[in-house]
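Following: one structure in structure tokens, then a few remarks.
Bear in mind the structure is a predicted one, so any value in this text is a computation, not a measurement. Residue numbering restarts at 1 for every chain, and letters A, B, ... go by the order of the sequence lines.
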Amino acid sequence: MASAEEALKQTHVEKKKKVSERYWQGSGEEKKDEAPGGSHVSGDQPAPLGSQTNQQTSASEKKKKYKAEGRSGKKAITRKPDPFPGSAPVPEEMRLKFRRKMKIDKLPKHKHIDKLRRVVARSRAESEIIEKESARHNQLLLQEDAGFLEGDEDEDTCTISQEDIADAVDITAGAKYFNLDLSQFGPYRLDYSKTGRQLLLGGRRGHVACLDWQTKQLLCEINVMETINDVKWLHSEAMYAVAQKKWLYIYDSSGIELHCIRKFNDVLRMQFLPYHFLLATASATGFLQYLDVSVGKEVAAVGTKAGRLDVMCQNPHNAIIHLGHSNGTVTLWSPNQKEAIVKMLCHWGGVRSVAVDKTGTYMVTSGMDKKLKVFDLRSTFKPLQSYFLPAGASSLALSHRGLLSAATGDIVQVYRDVWKTPVKKPYMAHKVHGAVWGLHFCPYEDVLGVGHGEGFTSMLVPGAGEPNFDGLDSNPYRSAKQRQEWEVKALLEKIQPDLISLDPGKLSQVDYATSKQKHQDRVEALGYDPLARAKFKPRMRKKGRSSTGGVIRRKNQVGHEDQREIIITTLKERAESAMERKKNDKGQTSAVQRSALDRFKKRAAP
Amino acid sequence: MKVQMLSRNPDDYVRETKYDIQRVPRNYDPTLNPFEVPREYTRAMNATKLERVLAKPFLASLDGHRDAVNCMAKHSTSLSTLLSGACDGEVKVWNLTKHNCVRTIPAHEGFVRGMVVRFCGTSFFSIGDDKTIKQWNMEAPGYGVEEEPINTILGKTVFTGLDHHQNNGTFATCGQTVDIWDEQRSTPIRSFSWGVESFSSVRFNPVETELLASCASDRSIVLYDMRESMPLKKVIMTMRSNTLSWNPMEAFYFTCANEDYNLYTYDMRNLEEPVRVHKDHVSAVLDVDYSPTGREFVSASFDKSIRIFPKENIHSREVYHTKRMQHVVCVKWSADNKYVMSGSDEMNIRLWKANAAEKLGVLSHREKLAANYNQKLKEKFQHHPKVKRIARHRHLPKHIYMDTKEHNVMREARRRKERNVIQHSKPGAVPILSERKKHVVAVVK
């Protein structure tokens with residue numbers, strides 16, 4: 001009986017959802033002080049304004065008392081005072097997440113800047129309020145908690161098999177572990193749509209399938225009868241791009257060919273920039289091309305002059321494309337520049353795979369030298385960590401919450417916190433049937449999709465996905481109507497490709513252009529210098545007084561006038577400096593005895 | 001082994017029935033909403049473009065006068081009433097919501113020179129070229145009853161301007177002198193003059209109600225105190241001012257409309273130099289009126305356009321014109337800060353929106369939010385060159401466009417000449433005058 005009672009008490013609800021901590025339960029005597037019961041200004045609290053404040057407070061207290069008692073002297077019926085007044089406090093680290101960079105502290109000290117200073121102060125106050133509000137929102141209203149996996153004592157999490165995890169978790173989560181045996185047209189590349197609902201598979205030998213992977217519902221399945229190099233969803237799940245043997249094709253979700261883009265040939269890898277509506281492709285001929293999918297135009301084509309481009313990834317923070325090359329370098333590209341923005345030598349031997357984390361802070365690369373390196377992308381571009389993997393990682397993928405998956409042959413390993421501390425052991429490991437060809441974390445899910453020679457494996461990785469999505473950005477549960485609305489909004493705020501740069505916040509910073517710089521820009525824009533002195537043109541004189549000699553003489557006069565001024569000023573300066581030197585020399589000779597050898601000393605240049 | 005995986009219950013994210021509103025869970029984490037600044041910039045750009053697309057300021061034209069409109073008056077208590085006087089001596093009362101004329105009075109012989117509504121709103125005064133001041137009832141007479149003024153005062157000379165005291169029964173007229181009248185008497189209780197001159201307009205200060213300012217034809221602006229027997233002081237400018245208007249919020253500032261195409265905002269306490277010179281018109285400025293908020297004013301000009309200036313800006317933020325509008329003689333800003341009324345030579349009164357792109361009518365909550373958000377975005381990115389270019393662009397009629405160009409050339413030539421004169425004369429012999437000081441000749445106390 002006792003065990004039954006215990007079981008009744010320990011319902012699964014209690015087990016799963018711990019009672020969230022209320023703010024008044026947390027330690028902190030300040031909060032107690034805030035409660036109105038003990039809120040009188042007491043002696044131990046600092047009173048910076050001295051007796052004046054005390055008087056004021058006492059006056060206000062009297063007023064309050066008066067109010068509370070009512071005018072008739074009877075006690076007025078008042079509501080029970082709120083034991084937790086004001087809004088709940090937000091911890092500082094929660095707020096830090098929402099803090100925007102504000103680098104406008106060093107405003108120049110001009111009088112006319114005062115207005116600007118006021119504006120800045122006001123906007124700073126506003127942003128502080130917003131920071132607080134959004135932190136509070138995220139503290140209180142987010143529904144889901146992130147997943148985790150912890151081993152028992154003396155148990156490595158990497159030894160836990162997928163089957164065990166699938167058995168341990170609830171049915172819907174367990175069903176996310178599955179294998180698709182597609183041995184005929186493999187190996188497979190894959191891509192998840194932005195909301196994480198749809199999965200796109202592309203087999204090397206021409207098989208393309210897209211499916212709603214959670215319900216296992218097949219949307220379409222075609223064979224393009226050609227080699228497939230890569231597949232990619234476009235902005236929504238209605239369209240996807242397939243890089244085939246020769247050209248780039250675009251299909252819709254029912255498998256109908258919409259476009260064949262002959263300008264994009266021999267494409268090996270593709271990346272889609274969702275906020276710019278750009279499809280970036282890297283080809284075997286060494287070209288990096290950008291296709292604007294909203295208008296169907298090629299935005300830029302950059303010849304990288306780096307040979308075959310089969311390693312590519314995007315920086316989700318600033319939409320810069322990273323390319324890995326066979327000489328061990330990784331180059332960073334934007335559509336606005338014909339040369340690489342950054343060129344980094346990362347490995348001895350070719351680069352095999354590159355991945356960049358969500359915040360754009362870290363880049364993980366793996367190379368032919370069997371090394372796995374983590375680089376800082378913010379300013380230094382220096383390696384932070386370097387690991388040696390015995391087999392070397394052929395492909396890499398990073399999840400929303402910063403888990404790194406690396407495929408070595410037919411083994412997929414997942415690492416945690418690769419950039420913070422040197423990692424000894426993988427977080428998880430799983431062996432698939434064939435060599436891994438494509439890796440992709442599913443957005444907003446604890447799932448890693450692995451495309452390999454024998455088909456596709458959906459692997460469970462607890463703690464990989466962002467638990468709380470933003471409904472206006474990408475909502476996995478959106479209805480058709482919501483999708484349509486989102487599409488219109490997204491198209492309206494499509495970012496122009498010329499705004500792609502290393503720092504996406506550059507646009508909001510104050511432009512401290514000097515007048516010289518401004519003038520230079522103006523000259524460039526106009527094609528001539530508007531402030532330049534007009535060249536002197538001697539006036540034509542009539543009746544034979546404008547002989548060639550005369551014209552030249554007048555011209556020289558004006559020219560020499562200018563020169564005279566320059567000469568006069570330089571002479572003056574020279575005379576002054578000579579005088580000063582003389583003075584200094586005199587002072588020196590009087591102070592120190594000149595020796596006979598001093599004349600051999602080298603004189604300081606005038 | 002302890003394990004927990006993300007497993008969402010779809011019921012938390014999908015609405016229960018189709019009659020519910022859609023659920024949109026938000027997460028304000030900046031990493032989930034990347035490209036914050038470029039996206040905001042794009043939105044600001046769209047908002048700016050939309051503003052220009054939706055800028056349709058012209059609302060209605062009120063026609064019915066049989067001669068050029070010469071003066072207008074706002075009703076002091078009713079927003080929808082406007083009074084106008086024409087050059088043939090006719091006064092009309094308009095209903096602005098219905099866009100129709102409700103009353104016509106053959107008030108004067110010759111021009112109606114000025115009109116003003118009494119502060120209580122029950123009667124109004126008009127002056128005309130027939131040397132009379134007439135007081136009219138605001139209520140229209142019954143059917144079949146002839147229009148009769150309540151009171152008629154016959155003056156000695158022609159009156160050119162009129163204004164009423166804010167809260168008692170005195171009013172001021174100007175002609176050859178500035179006269180202060182009591183409503184009960186037929187002779188002025190006080191009369192000011194300073195040299196031989198004639199005045200074109202007189203205005204009471206809305207806050208310091210005993211103060212007056214008037215524009216004289218000897219190029220001066222004179223300040224008076226009603227309680228004293230002598231004028232206070234005057235500033236003489238290079239050219240004549242036509243009218244002036246006091247700032248209703250900061251009533252020590254007034255703006256005068258000058259014949260030299262500019263408007264000048266003065267601080268009453270320091271007339272040595274204007275606070276601001278407002279330039280943009282390409283012909284004489286005939287009338288000016290402040291918005292009730294005191295942040296902007298509207299000016300009417302002989303160049304067939306009206307312009308709206310923010311009070312501290314040199315250049316106008318808006319220019320209104322139509323093909324049919326001729327020289328604009330009078331202009332008023334409505335008391336609800338939403339509309340601008342202009343009366344012009346070709347007998348029409350036009351009703352404009354004060355904010356060209358504003359949506360009229362009742363806004364839904366979401367519309368209001370969107371408008372506020374767009375306004376904030378436009379403000380934030382207003383200095384970016386591409387946004388600025390779109391926000392600044394105005395189509396101008398050809399004559400204004402060409403005249404502006406011409407004036408620029410002339411101004412440049414004048415500046416060049418000044419520079420050359422300074423360069424070729426003894427240092428200090430030619431004073432360097434700022435643009436503001438240039439137009440003030442003298443201040444007399």
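- In B:E412, the CD atom is crowded: over 12 heavy atoms of neighbouring residues, nucleotides or ligands sit closer than 6.0 Å.
- Side-chain atoms of A:D470 and B:N33 include a donor-acceptor pair closer than 3.5 Å.
- No more than 12 heavy-atom neighbours from other residues, nucleotides or ligands sit within 6.0 angstrom of CZ on B:R392.
- The candidate with the highest count of non-hydrogen atom pairs below 4.5 Å against chain A, out of B:R15, B:E36, B:R23, is B:E36.
- In A:K132, the NZ atom is not crowded: 12 or fewer heavy atoms of neighbouring residues, nucleotides or ligands sit closer than 6.0 Å.
- Between A:Y477 and B:Y13, the angle of the ring planes stays under 30°, which puts this pair in the parallel group of the 30/60° scheme.
- Contact count versus chain A (heavy atoms, under 4.5 Å) is highest, among B:R43, B:K2, B:R8, B:H383, for B:R8.
- The shortest non-hydrogen separation linking B:L6 to A:G465 is CD1-O, 4.0 Å.
- Under the side chain to side chain contact (heavy atoms under 4.5 Å, CB included) criterion, A:R118 pairs with A:K115, sequence neighbours left out.
- A:N468 contributes no side-chain N or O that, together with a main-chain N or O of B:N27, makes up a donor-acceptor pair within less than 3.5 Å.
- By the 4.5 Å heavy-atom criterion applied to side chains, B:Y28 and A:E133 are not counted as neighbours.
- Comparing A:L492, A:L460, A:D446 by how many heavy-atom pairs each has under 4.5 Å with chain B, the most go to A:D446.
- When side chains are defined from C-beta on, B:R26 counts as touching A:L472, because their heavy atoms get closer than 4.5 Å.
- Heavy atoms of A:K97 lying under 4.5 Å from chain B belong to its backbone as well as its side chain.
- Interface residue A:I160: only side-chain heavy atoms are found under 4.5 Å from chain B.
- A:S134 touches chain B through backbone and side chain together, each having a heavy atom under 4.5 Å away.
- Inter-residue side-chain proximity for A:E126 and B:K376 is flagged as met; some heavy-atom pair is nearer than 4.5 Å.
- Side chains of B:V3 and A:E150 form no contact here, defined as non-hydrogen atoms less than 4.5 Å apart.
- Heavy-atom distances place the side chain of A:L142, and not its backbone, under 4.5 Å from chain B.
- Contacts of A:Q482 with chain B are made by side-chain atoms alone, with heavy-atom separations under 4.5 Å and no backbone atom involved.
- Atom CD of B:E379 sits in a crowded spot, with more than 12 heavy atoms from other residues, nucleotides or ligands closer than 6.0 Å.
- For a residue to count as touching a neighbouring chain, one of its non-hydrogen atoms must lie under 4.5 Å from one of that chain's; by this rule B:H384 touches chain A with the side chain only.
- In this structure, the side chains of A:E466 and B:L32 come closer than 4.5 Å at one or more pairs of heavy atoms.
- Here the NE2-CZ distance, from A:H276 to B:R39, works out to 10.0 Å after rounding to the nearest 0.5 Å.
- The residue among A:V119, A:D152, A:I165 with the most heavy atom pairs within less than 4.5 Å of chain B is A:D152.
- Heavy atoms from other residues, nucleotides or ligands lying under 6.0 Å from CG of A:L96 number more than 12.
- Closest of all the heavy-atom pairs between B:Q4 and A:P462 is O-CB, 3.5 Å.
- If you measure heavy-atom distances from A:N138 to chain B, the contacts under 4.5 Å come from the side chain alone.
- Closest approach of B:P34 and A:P316 over heavy atoms only: CB-O, 4.0 Å.
- Pairing each heavy atom of A:L507 with each of B:P38, the nearest pair is CD2-CA, 4.3 Å.
- The parts of A:F148 that come within reach of chain B are both its backbone and its side chain, each placing non-hydrogen atoms under 4.5 angstrom from that chain.
- Counting heavy atoms from C-beta outward, A:K506 and B:V37 have side chains that stay 4.5 Å or more apart.
- Contacts of A:H317 with chain B are made by backbone atoms alone, with heavy-atom separations under 4.5 Å and no side-chain atom involved.
- B:N46 contributes atom CG, which lies 11.0 Å from atom NZ of A:K494 (distance to the nearest 0.5 angstrom).
- Between B:Q22 and A:S479, the side chains place a donor N or O and an acceptor N or O closer than 3.5 Å (distance only, hydrogens not considered).
- Options A:G151, A:P467, A:G147 differ in how many heavy-atom pairs under 4.5 Å they form with chain B, and the most are formed by A:P467.
- Within the 4.5 Å cutoff, the side chain of A:Y177 has no heavy atoms near those of the B:M5 side chain.
- At a 4.5 Å heavy-atom cutoff, the contact between A:A319 and chain B is made by backbone and side-chain atoms alike.
- Using a 4.5 Å cut-off between heavy atoms, A:E155 contacts chain B through its side chain alone, with no backbone atom that close.
- Interatomic distance, B:F381 CZ to A:S508 OG, rounded to the nearest 0.5 Å: 6.5 Å.
- For the pair A:E493/B:M45, no side-chain contact is recorded, criterion being any heavy-atom separation below 4.5 Å from C-beta on.
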